[in-house]
Protein chains: 2
Amino acid sequence: MTVSKAAEKSSDKPADTAKGRKDAAELQGQGAGEALQLGELSEQLGYVLKRAQLKVFENFLRCMASLQLTPAQFSVLLLVEKNPGRNQTEIASTLGILRPNFVAMLDNLESRDLCARIRSTNDRRSHILVLTDKGKAVLARAKKLVATKHEARLNELLGQANREALIAMLAKVANEF
Amino acid sequence: MTVSKAAEKSSDKPADTAKGRKDAAELQGQGAGEALQLGELSEQLGYVLKRAQLKVFENFLRCMASLQLTPAQFSVLLLVEKNPGRNQTEIASTLGILRPNFVAMLDNLESRDLCARIRSTNDRRSHILVLTDKGKAVLARAKKLVATKHEARLNELLGQANREALIAMLAKVANEF
DNA sequence: GATATTTGATATGGTCCATAACAATTATCA
DNA sequence: TGATAATTGTTATGGACCATATCAAATATC
């Protein structure tokens with residue numbers, strides 16, 4: 001059903017021109033066993049950005065294994081703690097999460113008694129979000145884990161000054177690119 | 001079928017203790033209409049990394065709209081150009097793409113006549129990858145678009161020196177974190 | 001008071017990522 | 001040599017994440 005599935009194999013013997021066959025012959029066994037050259041790829045912003053993000057998320061998940069918190073869940077807890085009394089739409093949209101996709105996230109956090117939906121008396125359509133006591137306690141422990149295991153790792157890799165510069169530049173890119 | 005779907009709604013009136021009701025009352029209409037405070041979130045590496053990556057990919061796609069190349073496809077073309085004669089497993093693994101998922105990507109690129117699979121004569125199991133002439137031409141145009149529209153944007157945002165420093169730090173994080 | 005908008009929610013489809021399994025081919029080694 | 005193991009490209013499949021359309025209830029607008 002994917003677009004790529006609909007792609008027709010143009011021919012069974014691609015590049016089968018006289019020049020094609022000659023070039024192919026020259027390439028047989030090219031640099032076998034040797035490491036590939038990344039070339040310009042290693043200076044492509046998107047490439048290095050994506051790979052760094054994957055590594056950081058991976059490390060985050062390892063650090064949070066005992067609390068079973070994903071980066072997205074951690075960000076929700078942080079934002080609700082900082083902005084108690086806001087509704088789902090407000091929290092979701094500032095995190096770039098679409099409302100439909102935020103429902104399942106909240107179902108999960110609420111089922112673990114980390115946060116609660118409270119019907120607003122001002123506007124009975126909306127749910128006000130609050131951290132439960134357990135949620136506050138878990139978030140406090142999560143922050144310590146992040147500080148001691150996650151950010152500390154980045155500090156010993158880049159140094160305090162570079163770490164702050166990196167985050168500042170990333171924030172600028174995220175906001176103004 | 002998701003995990004979160006299996007989450008049971010613990011109760012219809014969450015946090016309905018005496019303290020819970022009082023706290024909820026205090027929160028009604030909290031900072032309505034005002035912007036939310038990001039708080040510690042804006043200094044979380046993972047958060048700012050992810051958002052920056054999304055913005056950069058988004059901009060990349062806009063710059064490449066005329067060539068219809070995604071960041072992943074661009075990286076494949078770059079790597080094949082730099083390392084002609086390598087097989088699918090080698091190209092995919094250095095890009096962090098799993099072999100099964102690489103098949104559809106190549107089907108797509110091959111159907112557009114950007115690259116070609118050639119049966120190796122040394123090892124008839126493997127397909128050697130090469131850029132077609134059209135693939136080389138498209139990649140050349142893609143590089144120019146990236147340089148003039150994409151990287152130039154980053155330069156005017158951070159400056160040349162900072163841009164290089166950012167990429168160097170991201171590469172370090174990607175490789176050593 | 002009729003109409004439009006907002007909120008949370010459901011259903012659904014797409015894309016990306018990960019694992020298992022398979023046929024063809026090659027490597028290993030008894 | 002020949003039996004067995006490993007590798008390559010591939011298919012099938014399921015999960016996680018993201019996006020859109022739609023809905024009922026509640027509210028806003030006029």
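Chain letters run A, B, ... following the sequence lines, proteins first, then strands; residues in each count from 1.
When the C1' atoms of four end pairs are superposed on the next four at each end of the helix from dG1(C)-dC30(D) to dA30(C)-dT1(D), using five pairs per end, the two resulting axes differ in direction by 20°, to 10°.
Rounded to a whole Å, the CE atom of Met105(B) is 16 Å from the P atom of dT11(D). Atom C1' of nucleotide dC18(D) and atom CD of Gln53(B) are separated by 13 Å, given to the nearest angstrom. Regarding Leu106(B), its CG atom lies at a distance of 13 Å from the C1' atom of dT8(D), rounded to whole Å. Summarising the geometry, the separation between CD1 on Ile97(B) and C1' on dG9(D) is reported as 15 Å, rounded to the nearest angstrom. Atom CG in Leu54(B) sits about 13 Å away from atom P in dC16(C), given to the nearest Å. At whole-Å resolution of the value, CG in Asp107(B) and P in dA12(D) are 12 Å apart. With rounding to whole Å, Arg119(A) atom CZ is found 9 Å from dA26(D) atom C1'. Atom pair Phe57(B):CZ and dC18(D):C1' shows a separation of 15 Å (rounding to whole Å applied).
The side chain to side chain donor-acceptor pair (under 3.5 Å) search around Arg124(A) returns none, not counting sequence neighbours. Not a single side chain to side chain donor-acceptor pair (under 3.5 Å) links Gln37(B) to another residue, sequence neighbours left out. Lys149(B) pairs by the salt bridge (Lys or Arg N to Asp or Glu O under 4.0 Å) definition with nothing, not counting sequence neighbours. Taking Lys82(B) as the reference, nothing meets the side chain to side chain donor-acceptor pair (under 3.5 Å) condition, with sequence neighbours excluded. Not counting sequence neighbours, the partners of Asp123(A) by the side chain to side chain donor-acceptor pair (under 3.5 Å) test are Arg125(A). In this structure Arg112(B) satisfies the salt bridge (Lys or Arg N to Asp or Glu O under 4.0 Å) test with no other residue, sequence neighbours excluded.
Listed pair Thr89(B) / dG9(D) meets the phosphate criterion, a side-chain N or O lying under 4.0 Å from OP1 or OP2. The side chain of Arg99(B) places no N or O atom within less than 4.0 Å of a non-bridging phosphate oxygen (OP1 or OP2) of dC17(C).
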Identify all pairs in which a protein N or O lies below 3.5 Å from an N or O of nucleotides 27-30 of chain D, and state each distance.
{"from": "dT27(D)", "atom 1": "OP1", "to": "Arg124(A)", "atom 2": "N", "distance (Å)": "3.0"}

Check the interface with nucleotides 18-20 of chain C: list each N/O to N/O pair with the protein under 3.5 Å, or write none.
{"from": "dA18(C)", "atom 1": "N7", "to": "Asn101(B)", "atom 2": "OD1", "distance (Å)": "3.4"}
{"from": "dA18(C)", "atom 1": "N7", "to": "Asn101(B)", "atom 2": "ND2", "distance (Å)": "3.0"}
{"from": "dA18(C)", "atom 1": "N6", "to": "Asn101(B)", "atom 2": "OD1", "distance (Å)": "3.2"}

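Proximity of residues 69-79 of chain A to DNA chain D (heavy atom under 4.0 angstrom from any strand atom) is not detected for any residue.
Interatomic distance, Leu109(A) CG to Leu114(A) CG, rounded to the nearest 0.5 Å: 6.0 Å.
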Assess the residue pair His127(B) and Leu106(B) against the criterion (side chain to side chain contact (heavy atoms under 4.5 Å, CB included)); give the C-alpha distance rounded to whole Å, side-chain angles, the decisive distance to 0.1 Å, and a yes or no. CA-CA 11 Å; His127(B) 291 165; Leu106(B) 272 187; over 6 Å; no

Working for salt bridge (charged side-chain N to carboxylate O under 4.0 Å, His left out), residues Arg117(A) and Glu110(A): CA-CA 8 Å; Arg117(A) 300 185 234 223; Glu110(A) 201 175 20; 2.9 Å; yes

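Looking only at distances, a side-chain donor or acceptor of Ser93(B) sits under 3.5 Å from a matching main-chain atom of Thr89(B). Using a distance-only test at 3.5 Å, with no hydrogens or angles considered, a donor-acceptor pair links the side chain of Asn175(A) to the main chain of Ala171(A).
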Just distance, no hydrogens or angles: give the donor-acceptor pairs under 3.5 Å from side chains in residues 153-162 of chain B, sequence neighbours left out.
{"from": "Arg153(B)", "atom 1": "NH2", "to": "Glu176(A)", "atom 2": "O", "distance (Å)": "3.0"}
{"from": "Asn155(B)", "atom 1": "ND2", "to": "Gln160(B)", "atom 2": "OE1", "distance (Å)": "3.4"}
{"from": "Gln160(B)", "atom 1": "NE2", "to": "Glu164(B)", "atom 2": "OE2", "distance (Å)": "2.6"}
{"from": "Asn162(B)", "atom 1": "ND2", "to": "Leu158(B)", "atom 2": "O", "distance (Å)": "3.1"}

Validation: residues 51-59 of chain A side-chain donor-acceptor distances under 3.5 Å, sequence neighbours left out:
{"from": "Arg51(A)", "atom 1": "NH1", "to": "Tyr47(A)", "atom 2": "OH", "distance (Å)": "3.0"}
{"from": "Arg51(A)", "atom 1": "NH1", "to": "Thr94(B)", "atom 2": "O", "distance (Å)": "3.4"}
{"from": "Arg51(A)", "atom 1": "NH1", "to": "Leu95(B)", "atom 2": "O", "distance (Å)": "3.2"}
{"from": "Lys55(A)", "atom 1": "NZ", "to": "Ala174(B)", "atom 2": "O", "distance (Å)": "2.7"}
{"from": "Asn59(A)", "atom 1": "OD1", "to": "His150(A)", "atom 2": "ND1", "distance (Å)": "2.7"}

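Under the 4.0 Å criterion applied to side-chain N and carboxylate O atoms, Glu90(B) and Arg99(B) are not assigned as salt-bridge partners.
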